[in-house]
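Report on the structure given below.
One-based numbering along the sequence shown.
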Amino acid sequence: MTPGIPIVTPDRPPGVQETYFQAMASTLIYGARDAVLVDAFIAIKQANALADWIASKNKNLTTTYFTHGHGDHWFGVSAFLERFANVRVVATPNTVKVMRQNVSPAVLGA
């Protein structure tokens, strides 16, 4: 699990000076040789640290599975695609739909 990430938001409750994005968690499921990662992190720095940790386990990361499409579960996926050449990225069709919505110009303000 990661510590909260400071964020800037216009809708803080009265008297609250600092706001944090909630802590995030990933799960590594592994056997004698192979591993599957369930969810990644939002920030590349955190995802790289997770990739380092997985590599330290000397497991073959075969798959990264995303439980749902919110960015805090998958925005850091590039760290795993770069680090583990044969990793497959898996999500349900509905999850992919939400992922696409979360990176749409309407959501990102582009």
Side-chain angles (χ1 to χ4, degrees):
M1 184 148 28
T2 65
I5 299 171
I7 60 172
V8 176
T9 180
D11 57 352
R12 288 185 180 138
V16 173
Q17 300 300 314
E18 295 179 308
T19 311
Y20 294 88
F21 193 80
Q22 77 275 5
M24 296 166 277
S26 293
T27 302
L28 185 67
I29 303 166
Y30 60 91
R33 191 186 78 183
D34 295 331
V36 174
L37 177 66
V38 180
D39 291 330
F41 296 138
I42 192 169
I44 294 298
K45 181 178 178 181
Q46 292 171 327
N48 282 330
L50 179 58
D52 289 344
W53 180 78
I54 293 169
S56 78
K57 301 299 179 195
N58 296 315
K59 303 297 179 188
N60 176 38
L61 185 63
T62 63
T63 308
T64 299
Y65 172 75
F66 297 115
T67 59
H68 63 283
H70 295 156
D72 59 317
H73 291 257
W74 68 276
F75 279 177
V77 70
S78 65
F80 304 96
L81 294 171
E82 292 171 6
R83 185 73 174 268
F84 305 99
N86 296 318
V87 70
R88 294 179 317 146
V89 176
V90 179
T92 67
N94 284 337
T95 295
V96 172
K97 180 180 176 181
V98 174
M99 289 170 152
R100 288 184 176 136
Q101 291 169 346
N102 276 275
V103 294
S104 70
V107 171
L108 296 177

Determine which pairs satisfy salt bridge (charged side-chain N to carboxylate O under 4.0 Å, His left out) with at least one residue from residues 43-56, sequence neighbours left out, and list them in order.
Asp52-Arg83

What are the two closest heavy atoms between Ala79 and Ala51, and how far apart are they?
O-CB, 4.4 Å

Membership question, hydrophobic clusters at under 4.5 Å side-chain separation (ILVMFWY): are Ile44 and Val103 in the same one?
no

Return the CZ to CG distance between Phe75 and Asn102, rounded to the nearest 0.5 Å.
5.5 Å

Can you sort out the partners of Thr92 under side chain to side chain donor-acceptor pair (under 3.5 Å), two or more places apart, ordered by chain and number?
Thr95

Across all chains, not counting sequence neighbours, the side-chain contact (heavy atoms from CB on, under 4.5 Å) partners of Val77 are Phe66, Leu81, Val89

Should Tyr65 and Tyr30 be regarded as members of a common hydrophobic cluster, given that ILVMFWY residues are connected when their side-chain heavy atoms come within less than 4.5 Å of each other, either directly or indirectly?
no

Test of understanding: clusters of I, L, V, M, F, W, Y form through side-chain heavy atoms closer than 4.5 Å, transitively. Do Ile42 and Val98 belong to the same one?
no

Per the salt bridge (charged side-chain N to carboxylate O under 4.0 Å, His left out) rule, what does the pair list look like for residues 87-97, sequence neighbours excluded?
none

On the 0 to 90° scale, with breaks at 30° and 60°, tag the His68-His70 ring pair as parallel, tilted or perpendicular.
perpendicular

Does Trp53 share a hydrophobic cluster with Phe84, counting links as ILVMFWY side-chain heavy atoms below 4.5 Å and allowing steps through other members?
yes

Contacts under 3.5 angstrom, residues 31-41 side chains, donor-acceptor by atom type, not counting sequence neighbours:
| unit_1 | atom_1 | unit_2 | atom_2 | d |
| --- | --- | --- | --- | --- |
| Asp34 | OD1 | Asn60 | ND2 | 3.0 |
| Asp39 | OD1 | Thr67 | N | 2.9 |
| Asp39 | OD1 | Thr67 | OG1 | 3.2 |
| Asp39 | OD1 | His73 | ND1 | 3.4 |
| Asp39 | OD2 | Thr67 | OG1 | 2.8 |
| Asp39 | OD2 | His73 | ND1 | 2.9 |

Heavy-atom pair of closest approach, residues Val96 and Ala91
CG2-CB, 4.0 Å

Would a 4.5 Å heavy-atom cut-off, applied to side chains only, mark Thr64 and Trp74 as touching?
no

